[in-house]
Visitor: 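Here you go, one structure.
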Protein chains: 2
Amino acid sequence: MNIGQVSDFSGLPAKTIRYYEEIGLIAPMRGENGYRAFRDTDLHKLTFLARARSLGFTIDDCRSLMALYEDQSRASADVKKLVTQHLQNIDQKLEELTQMRQTLSHLVDACAGDDRPECPILKDLSKKTIG
Amino acid sequence: MNIGQVSDFSGLPAKTIRYYEEIGLIAPMRGENGYRAFRDTDLHKLTFLARARSLGFTIDDCRSLMALYEDQSRASADVKKLVTQHLQNIDQKLEELTQMRQTLSHLVDACAGDDRPECPILKDLSKKTIG
DNA sequence: AATAGTGGTTCCCGTTACTGGAAGGTCAAG
DNA sequence: CTTGACCTTCCAGTAACGGGAACCACTATT
């Protein structure tokens, strides 16, 4: 398979696939013409990567996950640990965003949003952050 | 005031303050010795920036917000519009993260997390993404 | 055979918002 | 006079690609 086909199947842009090769996540063969020649295992890995990335794992996480995936003697505890850690990161981001949302929501509600310059939002922003 | 003082007052690292000068967000004076000489207005701007950044606004947003802040003839509608847009971005991120959280949470629950290799998480990741 | 069009290839720059570190000038204190 | 804290500029690196240039390969048509 050429990169275009693999891109279609995996849903990943060709650019991304080349990048993944560059950083060593995949290692497709090469044809006589210099084109990358992807095998099923490459496609499988890319599918794995696409899914993991869509769940917010970093490339580094993906590297670890793939290593575990290919290690037949892995312990599922190691996988669970990694994913649990990721889940905690997500929870933290959710908290931060929720807090921001809360504050911004109040500010938006307090702003008249008309043609006058008076604006509680700007007033708030010019206040020193507490803490 | 020197950069150290300003850093302490604003809570922003000196590096960040220099960066903000470099990209034109502030324009402190210079003393005879080449040191930056910050005035109250500079400190005020930095406070504004620190607060806006902590609410998740991009640097570009901050630039717009500062311009509005300094424009005495602004319409509060313009401010509200910008902030509302930011709020929508946040809501979208919240949705994405919540969806991830949901999926990951299920996966973690399904994984035994022991010393055996069998792992529903890896099994799921190797499945083709639907859609 | 020439040409056009599509799809490969590499390489390099740009993105966001900084952070780290090197090499060196300045200032106050002992 | 030296030490140490503070300041300066400049350069490189981060995460995960995306855009675009310049160029080669393959297929189909004229």
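All chains are named by letter (A, B, ...) in the order of the sequence lines, taking the proteins before the strands, and each is independently numbered beginning at 1. Keep in mind the model is a prediction, meaning the values are calculated, not measured.
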Visitor: What range of DNA chain D does chain A touch, first nucleotide to last, counting atoms under 4.0 Å from its heavy atoms?
Guide: dA16(D) to dC26(D)
Visitor: Is there a donor-acceptor pair closer than 3.5 Å between any side-chain N or O of R39(B) and the backbone N or O of L43(B)?
Guide: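 Such a contact is absent between R39(B) side chain and L43(B) backbone.
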Visitor: Does a nitrogen or oxygen in the side chain of R36(A) sit under 4.0 Å from OP1 or OP2 of dG8(C)?
Guide: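 No, R36(A) has no side-chain N/O under 4.0 Å of OP1/OP2 on dG8(C).
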Visitor: Between R30(B) (side chain) and Y35(B) (backbone), is there a donor-acceptor pair under 3.5 Å?
Guide: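 Not at all, since once roles are kept as given, no pair shorter than 3.5 Å links the two residues.
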Visitor: To the nearest angstrom, how far is M1(A) atom CE from dG8(C) atom C1'?
Guide: 15 Å
Visitor: Between dT10(C) atom P and Y35(A) atom OH, what is the distance in whole Å?
Guide: 11 Å
Visitor: When the distance from CG of N33(A) to P of dT9(C) is rounded to whole Å, what number comes out?
Guide: 8 Å
Visitor: Is any NZ, NE, NH1 or NH2 atom of the basic residue among D124(B) and R51(A) found under 4.0 Å from an Asp or Glu carboxylate oxygen of the other?
Guide: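 So D124(B) pairs with R51(A) through a salt bridge.
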Visitor: Answer yes or no: does a side-chain N or O of R30(A) lie under 4.0 Å from OP1 or OP2 of dT10(C)?
Guide: yes
Visitor: Rounding to an integer number of Å, can you tell me how far M29(A) CE sits from dT9(C) P?
Guide: 14 Å
Visitor: Decide, yes or no, whether a salt bridge links D78(A) with K81(A) under the criterion of side-chain N to carboxylate O below 4.0 Å.
Guide: no
Visitor: Can you sort out which residues in residues 2-19 of chain A have a heavy atom within less than 4.0 Å of DNA chain D? Ascending by number, please.
Guide: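 Residues of residues 2-19 of chain A under 4.0 Å from DNA chain D: P13(A), K15(A), T16(A), Y19(A).
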Visitor: Given atom CD of E21(A) and atom C1' of dC11(C), what is their separation to the nearest angstrom?
Guide: 15 Å
Visitor: Where is the tightest heavy-atom contact between C119(A) and R74(B), given as atom of each residue plus distance?
Guide: CB-NE, 4.5 Å
Visitor: Send over the distance from L49(B) CG to dA17(C) P, rounded to a whole Å.
Guide: 12 Å
Visitor: Given atom CZ of F57(B) and atom P of dT16(C), what is their separation to the nearest angstrom?
Guide: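 Those two atoms, CZ and P, are 17 Å apart.
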Visitor: Short of 4.0 Å, heavy atom to strand atom, which residues of residues 92-104 of chain A count as contacting DNA chain C?
Guide: none
Visitor: Hey, can you tell me if H44(B) and Y69(B) have their rings parallel, tilted or perpendicular (30° and 60° cut-offs)?
Guide: perpendicular
Visitor: Might you point out which heavy atoms bring C111(B) and P120(B) nearest each other, and give the distance in Å?
Guide: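 For C111(B) versus P120(B), the nearest heavy atoms are CA-CD, 3.8 Å.
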Visitor: Any ion pair linking E95(A) and R101(A) (charged N to carboxylate O, less than 4.0 Å)?
Guide: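 No salt bridge links R101(A) with E95(A).
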Visitor: Between T58(A) and D60(A), do the side chains contain an N or O donor and an N or O acceptor separated by less than 3.5 Å?
Guide: no
Visitor: Please give me the minimum heavy-atom distance between V83(B) and V108(A), naming the atom from each residue.
Guide: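 What the structure gives for the nearest pair is CG1-CG2, 3.4 Å.
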Visitor: If you define the side chain from C-beta out and look only at heavy atoms, does anything of Y19(B) sit under 4.5 Å from L25(B)?
Guide: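 Heavy-atom side-chain distance check fails, nothing below 4.5 Å.
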